[in-house]
> 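Before I ask anything, here is the structure I am working with.
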Amino acid sequence: MIPIGCVLGALGALVPFVGLAELGALLLAPGDPDTGQVVFLAWLVAAGLGLRGLLLGIALTITHVADQKLQGILRTRMVAHLGRVPLGWFTRNSSGVVRKAAQEDVHDLHQLIAHHSVEYTAALVLPLGGLGYLLWLDWRLALLALVTLPFYAAAYAWMMRSYQEKMLEMNATMARISSAVVEFVSGIAVVKTFGQGRCAHESFRRAAAAPRPSATPTPPGCCRCSSSRR
């Protein structure tokens, strides 16, 4: 049901462009335009927009409901699993890493579950439908549209270079920052007792600045206010 709705919704997004093209040809033709045809094309444009919004909205609603259910199931299973792991596991893994896995990593599935199938189908069907319409109008227009594809592919490949390495680096950095935040919050009582507020956020600052080549080194003599990893 979702793929059919996505396909029809994507084709519905093409209808306004077709209607406007036909409307322009009708208005630019010699003589007075046929009022009935103008009204029909105007209604066709409105119907295409409405059909696209309705079908894609229904598809996105279904995928978002599925995403919420999946996130609930994953988090429930993670909590149940964490209740059975040995206590030594928490010594080797900080609560910040656990929080990132249970909250941020699970939330990152939102784009894949709730949007990817709908948007991927629309992104595939709409250009193919437009190409078919251009072929119906004039094959030379379709050929002109295809000429731009190699330039797009080259630009996309250039923009996505080193993407996997950067994503792995970002995930590792976010885990360090999450651990530093938990460490700071857990040790806030110690910070207040010994009056080390100026240095307490140092581990967080180091974690946040680590990926940057120009990161400022830790000032000499600054204490390392940290609590035990939990």
Side-chain angles (χ1 to χ4, degrees), residues 1-74 103-167 170:
M1 178 180 177
I2 294 179
I4 296 176
C6 294
V7 170
L8 294 179
L11 292 177
L14 182 64
V15 171
F17 296 102
V18 176
L20 289 174
E22 296 296 330
L23 184 60
L26 182 63
L27 294 176
L28 293 175
D32 296 332
D34 187 348
T35 305
Q37 289 186 357
V38 172
V39 172
F40 171 76
L41 290 174
W43 277 108
L44 186 65
V45 171
L49 291 174
L51 181 67
R52 174 188 178 276
L54 177 63
L55 293 178
L56 292 183
I58 293 174
L60 285 172
T61 300
I62 295 173
T63 54
H64 274 75
V65 171
D67 172 64
Q68 292 299 316
K69 290 184 177 180
L70 178 62
Q71 289 194 26
I73 292 172
L74 290 177
Q103 294 185 8
E104 297 176 12
D105 291 350
V106 173
H107 181 267
D108 287 343
L109 293 174
H110 171 78
Q111 182 66 30
L112 176 64
I113 305 300
H115 292 274
H116 181 265
S117 59
V118 177
E119 295 176 357
Y120 179 80
T121 304
L124 184 64
V125 171
L126 185 58
L128 291 177
L131 184 62
Y133 177 66
L134 292 177
L135 283 172
W136 180 69
L137 288 178
D138 191 332
W139 65 270
R140 289 168 293 188
L141 290 175
L143 183 61
L144 182 62
L146 290 175
V147 168
T148 62
L149 291 180
F151 298 98
Y152 167 78
Y156 186 80
W158 181 79
M159 290 186 293
M160 296 299 290
R161 67 191 189 283
S162 304
Y163 173 77
Q164 295 293 338
E165 292 80 2
K166 295 298 181 182
M167 286 300 299
M170 186 188 72

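Just so it is clear, the values below take in all heavy atoms, side chains as well, and ignore hydrogens, waters and symmetry mates.
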> Pairs in or reaching into residues 6-26: which pass side-chain hydrogen bond (donor to acceptor under 3.5 Å, both in side chains), with residues at least two apart or in two chains?
E22-Y133
> If you look only at distance, which donor and acceptor atoms sit under 3.5 Å apart when one is on a side chain in residues 55-67 and the other is two or more places apart or in another chain?
| residue | atom | partner | partner atom | Å |
| --- | --- | --- | --- | --- |
| T61 | OG1 | G57 | O | 2.7 |
| T63 | OG1 | A59 | O | 3.2 |
| T63 | OG1 | L60 | O | 2.9 |
| T63 | OG1 | A114 | O | 2.7 |
| H64 | ND1 | L60 | O | 2.7 |
| H64 | NE2 | H115 | NE2 | 3.3 |
| D67 | OD1 | Q71 | NE2 | 3.3 |
| D67 | OD2 | Q71 | NE2 | 3.1 |
| D67 | OD2 | H110 | ND1 | 2.9 |

> With H116, which residues qualify under ring-ring contact (aromatic ring centres under 6.0 Å, His included), at least two apart?
Y120
> Mind checking salt bridge (charged side-chain N to carboxylate O under 4.0 Å, His left out) for D105 and listing every partner two or more places apart, or none if nothing turns up?
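K100.
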> Is there a side-chain contact between L26 and L41, using heavy atoms and a 4.5 Å cut-off?
yes
> Find the distance between OG1 (T121) and CD1 (I4) and round it off to the nearest 0.5 Å.
11.5 Å
> Any heavy-atom pair between the side chains of L11 and L51 that's under 4.5 Å?
no
> Looking at residues at least two apart in the chain, or sitting in another chain, which of them share a side chain to side chain contact (heavy atoms under 4.5 Å, CB included) with L27?
L23, P33, V38
> Which residue pairs satisfy the side-chain hydrogen bond (donor to acceptor under 3.5 Å, both in side chains) criterion with at least one member in residues 31-59, sequence neighbours excluded?
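Listed by first then second residue: nothing to list.
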> Mind checking what makes side chain to side chain contact (heavy atoms under 4.5 Å, CB included) contact with L128, not counting sequence neighbours?
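By the side chain to side chain contact (heavy atoms under 4.5 Å, CB included) rule, L128 matches L124.
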> Identify which one of Q164, E165, M160 satisfies the side chain to side chain contact (heavy atoms under 4.5 Å, CB included) criterion when paired with S162.
E165
> For residues 138-155, tabulate all N or O donor-acceptor pairs below 3.5 Å that involve a side-chain atom, not counting sequence neighbours.
| residue | atom | partner | partner atom | Å |
| --- | --- | --- | --- | --- |
| D138 | OD1 | R140 | N | 3.0 |
| D138 | OD1 | R140 | NE | 3.2 |
| D138 | OD2 | R140 | NE | 3.4 |
| D138 | OD2 | R140 | NH2 | 3.0 |
| T148 | OG1 | A145 | O | 2.7 |

